[in-house]
J.: 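Please find one structure pasted underneath; my questions will follow.
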Amino acid sequence: MQDCLFCRIIAGEIPSDKVYEDDRVYAFRDINPQAPVHVLIVPKKHMANVLECDGETAAALAEAIGKIAAQEGVAEPGFRVVSNCGRDGAQSVNHLHVHLLGGKALSERMA
Ligand code: AMP
């Protein structure tokens, strides 16, 4: 999508710190990290948020989460995945993305 920040990152028009890529998924470090490991995992196909996510994309994201967690060394002792959705979900970029956070003991609070 022409004016989508994450579509432009995937297309290489805006630089990113890439950590993983396959035919369906692109992942890069968050520009404003909230944990020592903070990676955004994004489907290459534009969709606004999890409400538009199809099964194949969900499976590709899940597979990528496991690979990236291992690659980043956080599969053990653990990590968090979050996908903000809509205004009350505090979604600021309208291209589906999963935050992978880890590298420290995270807060028990979610909201
Ligand atoms: P959300 O608030 O869930 O929509 O998350 C959007 C995330 O994108 C935020 O954590 C931002 O820090 C991050 N972000 C925004 N612009 C960039 C960028 N150019 N490169 C990397 N991360 C970005």
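Remember, it's 1-based here, ligands and their atoms both numbered in the order they're listed.
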J.: Taking Phe79 as the fixed residue, which of Val39, Ile65, Leu106, Ile68 is the one that meets the side-chain contact (heavy atoms from CB on, under 4.5 Å) rule?
T.: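 The passing option is Ile65.
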J.: Going by heavy atoms, is Gln34 under 4.0 Å from ligand 1?
T.: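 Distance cut 4.0 Å: Gln34 fails for ligand 1.
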J.: Using a 4.0 Å cutoff against the non-hydrogen atoms of Arg29, which atoms of ligand 1 qualify?
T.: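 Answer for ligand 1: 21 (C).
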J.: Does the side chain of Arg87 come within less than 4.5 Å of Gln91's, by heavy atoms?
T.: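 No; the side chains remain at least 4.5 Å from each other.
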J.: Hey, does His99 come in under 3.5 Å of ligand 1, counting only N/O atoms on both sides?
T.: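 For ligand 1, there is an N or O atom that lies under 3.5 Å from one belonging to His99.
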J.: Should you measure from each heavy atom of Asn32, which atoms of ligand 1 turn up under 4.0 Å away?
T.: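 Selected atoms, number and element: 12 (O).
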J.: Counting only heavy atoms not in Glu52, do more than 12 sit closer than 6.0 Å to its CD atom?
T.: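 Yes, because the 6.0 Å sphere around CD of Glu52 holds more than 12 heavy atoms from other groups.
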J.: Between Arg80 and Ser107 (side chain of the first, backbone of the second, donor and acceptor by atom type, cut-off under 3.5 Å), is there such a pair?
T.: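 Between the backbone of Ser107 and the side chain of Arg80 there is a qualifying donor-acceptor contact (under 3.5 Å).
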J.: Give me the nearest non-hydrogen protein atom to atom 5 (O) of ligand 1 as residue plus atom name, then the distance to 0.1 Å.
T.: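 Going by distance alone, atom 5 (O) of ligand 1 is nearest to His97 NE2, 3.1 Å.
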J.: Would you call Glu72-Arg29 a salt bridge at under 4.0 Å N-O?
T.: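 Answer for the salt bridge query: yes.
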J.: Report the part of Ser83 in contact with ligand 1, treating N, CA, C, O as backbone and CB onward as side chain, heavy atoms under 4.0 Å; options are side chain, backbone, both, neither.
T.: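 It is neither part, as no heavy atom is under 4.0 Å.
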J.: Using a strict cut-off of 4.0 Å, indicate which atoms of ligand 1 neighbour a heavy atom of Phe6.
T.: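 Listed by number with element, the hits are 8 (O).
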J.: Does ligand 1 have any atom that is closer than 4.0 Å to a heavy atom of Ser16?
T.: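 It does not, in that no heavy atom of Ser16 comes within the 4.0 Å cut-off of ligand 1.
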J.: Classify the ring geometry of His46 against His95: parallel below 30°, tilted from 30° to 60°, perpendicular beyond 60°.
T.: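 Perpendicular, since the angle between the ring planes exceeds 60°.
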J.: Any idea which atoms of ligand 1 are less than 4.0 Å away from a heavy-atom of Gln91?
T.: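 Those qualifying, in numeric order: 4 (O).
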J.: Can you list the atoms of ligand 1 that are under 4.0 Å from a heavy atom of Ser92?
T.: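 Under 4.0 Å from Ser92, ligand 1 has these atoms: 1 (P), 2 (O), 4 (O), 5 (O), 6 (C).
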J.: Hey, is the main chain of His97 close enough, under 3.5 Å, to the side chain of Ser83 for a donor-acceptor pair?
T.: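 Yes, Ser83 side chain to His97 backbone: donor-acceptor pair under 3.5 Å.
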J.: Nearest heavy atom to atom 11 (C) of ligand 1: which of Ile9, Asp30, Leu40 does it belong to?
T.: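 Checking each option, the heavy atom nearest atom 11 (C) of ligand 1 is found in Asp30.
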J.: Can you figure out which of Asp17, Ile14, Leu96, Ile31 has its heavy atom closest to atom 23 (C) of ligand 1?
T.: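 Looking at heavy atoms only, Ile31 sits closest to atom 23 (C) of ligand 1.
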J.: Give the residue and atom name of whichever protein heavy atom lies nearest to atom 16 (N) of ligand 1, and the separation in Å to one decimal.
T.: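 Scanning the protein heavy atoms, the shortest distance from atom 16 (N) of ligand 1 goes to Leu5 CD2, 3.4 Å.
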J.: Just so I know, are the side chains of Leu101 and Val81 near enough to count as touching, which here means a heavy-atom distance under 4.5 Å?
T.: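 Heavy-atom side-chain distance check fails, nothing below 4.5 Å.
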J.: Short N/O distance, under 3.5 Å, between Asn84 and ligand 1?
T.: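 Yes.
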J.: Whether Asp22 and Lys44 form a salt bridge (side-chain N of Lys/Arg under 4.0 Å from carboxylate O of Asp/Glu) is what I want to check.
T.: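 Looking at Asp22 together with Lys44, the answer is no, because their closest N to O distance does not fall below 4.0 Å.
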